[in-house]
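Chain letters run A, B, ... following the sequence lines, proteins first, then strands; residues in each count from 1.
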Amino acid sequence: MIKDILHQQLTEVLDALSLSRTKEFSVEIPNNTEFGDYSTNAALVLSKENKLNPKLMAEKLVKELKKNKSFKKVEIAGPGFINFYLSPAMYQQVFWEIFKEEEYGKSEFGNQEKILLEFVSANPTGPLNIVSARAAAFGDTLYRIMKYVGFAPAREFYINDAGNQVDILAESLELRLRELHGEKIGDFPYEAYHGEYVKHLAQRLNALEGNRVFMLTEKDRMDHLKEFALSELLEMQRSSLEKFGVVFEGWVSEKTLRMEGVVEEVLSYLTEADCTYEKEDAIWFCSTKYGDDKDRVLMKSDGSITYFVPDLAYHLTKIQRGFTQLIDVFGPDHHGYVPRIRAAFRALNYDDNMLEIIFLQQVNLFESGERVKMSKRAGKIVTMDDLISVVGKDAARYFFIARKANAHLNFDLELALKQNNENPVYYCQYAHARICSIIKKARKDKVYPKHFKKEMTAKLTKPEELAIIQKMADLPELLILIAQHREPHRLATYLEELASMLHRYYAHYQIVSAKNLELSQARLMLIHTVKNVMSVCFELMGISAPEKM
RNA sequence: GCGCCAGUAGCUCAGUAGGAUAGAGCAGCAGCCUUCUAAGCUGCGGGUCAGGGGUUCGAAUCCCUUCUGGCGUGCCA
């Protein structure tokens, strides 16, 4: 907000002095307060094209900038930085603008561009694990932020309800069911799903239908078992996600896509585009022509189709539905898959820049300092539900959001179990609760004004107060950056910084003081606004903003 | 072998897309509650930004290279 104003003013000054400005210059908040409230590298960046040395160029700019009364001081430092010191009056004006905003930071930046966010998309063969939880927190937060800055995003979950793993699921269920009926199974097959949840499914099916399923023919029985297991497990996943605050606009079933014939369509498109061939009884896609490192099978020699084809078909439906940017959030083990889908986009003459893949690195689980190895097939998983019930939705979401996507995440179960201040979510929530508590008391003491007025802002002059205003002024731009670069973790960093400033402010200044009503009201106005800004952040992260703790 | 991602304080991680003296939390040490929530605040210690080279006014950030770790490299999904 303030950066934009300064950037605009610099542009005007450059034009007034007829200086060239083809290269991008920036306005930043320096990390050292000695270098002013804001600083710009304009003279450094633009000196070459104006054939001036940076210092001289800076002097010219500063001479002009000094005419502006919003600045307390403008100075040149280092190799040619221009540092701005803003007058309290300017901060107060900005603060008033922030205060007035109904939904601060909201913007129309995204122009309602339709963006499809596909995430989680876990196999429906078991409960969701913590990797899915990470994807859910990440994707959902990104969705919320993108929407807030004016994009038209949609969340989608692709259901892999066709293919080998579903057959194995049905077979696993049948074995557990037979066990229930007293059959000796012996060693449970290695490939089968070993998780306890399969036993629970068997018990449920048994309670509902007894041994009726065994009367069916082999094929009918498998279909029935599949259908039952899938609907149960999907419902389980849906409800876990809902508990986590994540709701999808769309659930797209691979099976349905196959039934609708989209798969054949895609095959024919690829054939028409002349990029398929037959080899060893299989049909191949010559993806190497389009940047992949080997060709890929589309139809196996047994006549069945690989995962790739319906998935490609699914991606094409996204485009047909009018989405102009397709974001997939994948686990780290799928990166080898990307070149072939990009290749297919190119082969079919779609712009593969539309497709954007974000990789979430894995979550390593630690218990007593030991890495816990997880395997869905062997039934050794920590589920998303476990996680939520142990650490709570807020802490879990925060933990996942606060780390950037392409970094490994070490999740220490014991640490999470402690549920104390080692988890920064409490630090932020505490700041919010603290403000609420102060406001409550001020209301009780009749210090809290009926209406905040612009004149009140004049009492805000302390460096800490102006710094808080500066921090708040930064949010709209930050949200846009987060949306553009798909980096929701930066909101967590921002929130921690704001919380820290608030805690420090609270510790050093009496906010409500009976002796000075005007000052009290100005400070209440400030923390009231901080509370609102924090609420926006919490809401965007899907975390609650408690009134008391 | 090839490909993708990563390597920043004892630990977990940020670092505003090339900026000035690299930050936070936790852990350690020392302080602060007759005053609005001590889940807080203040101070101290802690670094060859994995190593090396390059690009330029300027590099944790960009390029090259070596090392280390994770993952991938199925007619699995």
Quiz item: From the list B:U37, B:A77, B:G70, which nucleotide is the closest neighbour of the side chain of A:H334?
Solution: B:A77
Self-check item: A:F399 CZ to B:A14 C1', straight-line distance once rounded to whole Å
Solution: 14 Å
Quiz item: Among B:G19, B:A17, B:G70, which is the nearest nucleotide to the side chain of A:H408?
Solution: B:G70
Self-check item: Atom NZ of A:K279 with >12 non-hydrogen neighbours under 6.0 angstrom
Solution: yes
Practice problem: Using only heavy-atom distances, decide whether a donor-acceptor pair under 3.5 angstrom links the side-chain of A:H335 to the base of B:G3. | Solution: yes
Quiz item: Do A:Q165 and B:C76 share a donor-acceptor pair, side chain to base, under 3.5 Å?
Solution: no
Self-check item: B:C4 - base-pair partner by Watson-Crick or wobble geometry, distances under 3.5 Å
Solution: B:G70
Practice problem: Answer with yes or no after comparing the ring centroid distance for A:H334 and A:F359 against a 6.0 Å cut-off, counting only values under it. | Solution: no
Self-check item: A:Y505 ring center within less than 6.0 Å of A:Y509 ring center
Solution: yes
Quiz item: Do any side-chain nitrogens or oxygens of A:R296 fall under 4.0 Å of OP1 or OP2 in B:G74?
Solution: no
Self-check item: Closest listed nucleotide, where the reference is the side chain of A:H489 and the choices are B:A14, B:C75, B:U37
Solution: B:A14
Quiz item: Does the B:C75 base have a donor-acceptor partner in the side chain of A:S301 within less than 3.5 Å?
Solution: yes
Quiz item: Looking across every strand, which nucleic acid part, if any, lies under 4.0 Å from A:E24 by heavy atom: base, sugar-phosphate, or nothing?
Solution: nothing
Practice problem: May I ask you to say what A:H508 touches in the nucleic acid, namely base, sugar-phosphate or nothing, with a heavy-atom cut-off under 4.0 Å? | Solution: sugar-phosphate
Quiz item: Hey, does A:A442 reach any base, or is it just sugar-phosphate, or nothing, if we go heavy atoms under 4.0 Å?
Solution: nothing
Practice problem: Answer yes or no: is there an ion pair linking A:E497 with A:K471, defined by an N-O contact shorter than 4.0 Å? | Solution: yes
Quiz item: If you check the A:N123 side chain, which of B:U37, B:A77, B:G19 turns out closest?
Solution: B:A77
Quiz item: Taking the side chain of A:K548 as its heavy atoms from C-beta onward, which of B:U12, B:U37, B:A17 lies nearest to it?
Solution: B:U37
Quiz item: To the nearest Å, how far apart are A:Y314 OH and B:A77 C1'?
Solution: 16 Å
Exercise. Give a yes/no on whether any side-chain N or O of A:K294 is located under 4.0 angstrom from OP1 or OP2 of B:G74.
Key: yes
Practice problem: Please work out if A:F359 contacts a base, only the sugar-phosphate, or nothing of the nucleic acid, heavy-atom cut-off 4.0 Å. | Solution: nothing
Quiz item: Do A:R504 and B:A24 share a donor-acceptor pair, side chain to base, under 3.5 Å?
Solution: no
Self-check item: Donor-acceptor pair present, A:E487 side chain and B:A17 base, under 3.5 Å
Solution: yes
Quiz prompt | Modelled atom types, side-chain donor and acceptor of A:H503 and A:R434, under 3.5 Å | solution = yes
Quiz item: Whole Å only: how far is the CZ atom of A:R134 from the C1' atom of B:G70?
Solution: 13 Å
Quiz item: Using a cut-off of 4.0 Å on non-hydrogen atoms, how would the nucleic acid contact of A:F308 be classed: base, sugar-phosphate, or nothing?
Solution: nothing
Practice problem: Go through the N and O atoms of the side chain of A:T306 and the base of B:A77, and report whether any donor-acceptor pair is under 3.5 Å. | Solution: no
Exercise. Give a yes/no answer on whether the side chain of A:S437 brings an N or O atom under 4.0 Å of OP1 or OP2 in B:U37.
Key: yes
Quiz item: For the pair made of CG in A:L498 and C1' in B:A14, what is the distance, rounded to whole Å?
Solution: 16 Å
Quiz item: With sugar-phosphate meaning primed atoms plus P, OP1 and OP2, does A:L478 contact a base, only sugar-phosphate, or nothing at under 4.0 Å between heavy atoms?
Solution: nothing
Practice problem: Can you check whether any acceptor in the base of B:A77 is under 3.5 Å from a donor in the side chain of A:D333, or vice versa? | Solution: no
Quiz item: Is the phosphate of B:C76, meaning OP1 or OP2, less than 4.0 Å from a side-chain N or O of A:K300?
Solution: yes
Quiz item: Mind telling me whether B:A6 is syn or anti, cutoff 90° either side of 0?
Solution: anti
Practice problem: Would you please confirm or rule out a distance under 4.0 Å between OP1 or OP2 of B:A6 and any side-chain N or O of A:N406? | Solution: yes
Exercise. Kindly give the heavy-atom pair with the smallest separation between A:I439 and A:H528, and that separation in Å.
Key: CD1-CA, 4.2 Å
Quiz item: Expressed in angstrom and rounded to an integer, what is the separation of A:K444 atom NZ from B:C36 atom P?
Solution: 11 Å
Self-check item: B:U12 - base-pair partner by Watson-Crick or wobble geometry, distances under 3.5 Å
Solution: B:A24
Quiz item: Looking at B:C75, B:A39, B:U21, which one has an atom nearest to any side-chain atom of A:M549?
Solution: B:A39
Practice problem: Mind calculating the distance between CG (A:L491) and P (B:G15) to the nearest angstrom? | Solution: 13 Å
Self-check item: First encountered from the 5' end of RNA chain B, between A:D295 and A:S39
Solution: A:S39
Exercise. Using atom types as modelled and distance alone, determine if a side-chain donor or acceptor of A:D394 lies under 3.5 Å from a backbone N or O of A:S544.
Key: yes
Quiz item: Within the structure, does a side-chain N or O atom of A:Y337 lie under 4.0 Å from either OP1 or OP2 of B:C4?
Solution: no
Quiz prompt | Between B:C5 (P) and A:L360 (CG): distance, integer Å | solution = 14 Å
Self-check item: N/O (side chain, A:Y430) to phosphate O (OP1/OP2, B:A39) under 4.0 Å
Solution: yes
Quiz item: When we call it a touch if two heavy atoms are under 4.0 Å apart, what does A:R490 touch: a base, just sugar-phosphate, or nothing?
Solution: base
Quiz item: Are the side chains of A:E464 and A:R504 in touch, meaning some heavy atoms are under 4.5 Å apart?
Solution: no
Practice problem: Give a yes or no on whether a donor-acceptor pair under 3.5 Å exists between the nucleobase atoms of B:G19, that is its base, and the side chain of A:N41. | Solution: yes
Quiz item: For A:K440, which contact category applies under a 4.0 Å heavy-atom criterion: base, sugar-phosphate, or nothing?
Solution: nothing
Quiz item: Using a cut-off of 4.0 Å on non-hydrogen atoms, how would the nucleic acid contact of A:H485 be classed: base, sugar-phosphate, or nothing?
Solution: base
Quiz item: Hey, does A:F330 reach any base, or is it just sugar-phosphate, or nothing, if we go heavy atoms under 4.0 Å?
Solution: nothing
Quiz item: Base of B:C33 relative to its sugar, syn (within 90° of 0) or anti?
Solution: syn
Self-check item: Closest non-hydrogen atom pair between A:S520 and A:V447, with its separation
Solution: CB-CG1, 3.8 Å
Exercise. Using whole Å, report how far NZ of A:K23 lies from C1' of B:U56.
Key: 10 Å
Practice problem: Describe the nucleic acid contact of A:K48 in one word from base, sugar-phosphate, nothing, applying a heavy-atom distance below 4.0 Å. | Solution: sugar-phosphate
Practice problem: Give one of base, sugar-phosphate or nothing for A:Q361, where a contact means two heavy atoms less than 4.0 Å apart. | Solution: sugar-phosphate
Quiz item: Taking atom types as modelled, is there a side-chain donor on A:E49 or A:T22 under 3.5 Å from an acceptor on the other?
Solution: yes
Quiz item: So which nucleotide does B:C29 pair with, by the Watson-Crick or G-U wobble rule with both distances under 3.5 Å?
Solution: B:G43
Quiz item: Heavy atoms under 4.0 Å, any strand shown: does A:Q429 hit a base, just sugar-phosphate, or nothing?
Solution: nothing
Practice problem: Tell me what A:E34 touches on the nucleic acid: a base, only sugar-phosphate, or nothing, going by heavy atoms under 4.0 Å. | Solution: base
Exercise. Could you check A:I435 against A:R340 and say which one's nearest nucleotide on RNA chain B is further toward the 5' end?
Key: A:I435
Practice problem: Would you mind telling me which of B:C71, B:C13, B:U37 lies closest to the side-chain atoms of A:Q362? | Solution: B:C71
Quiz item: In terms of side-chain heavy atoms of A:P79, which of B:G19, B:G40, B:C36 is nearest?
Solution: B:G19
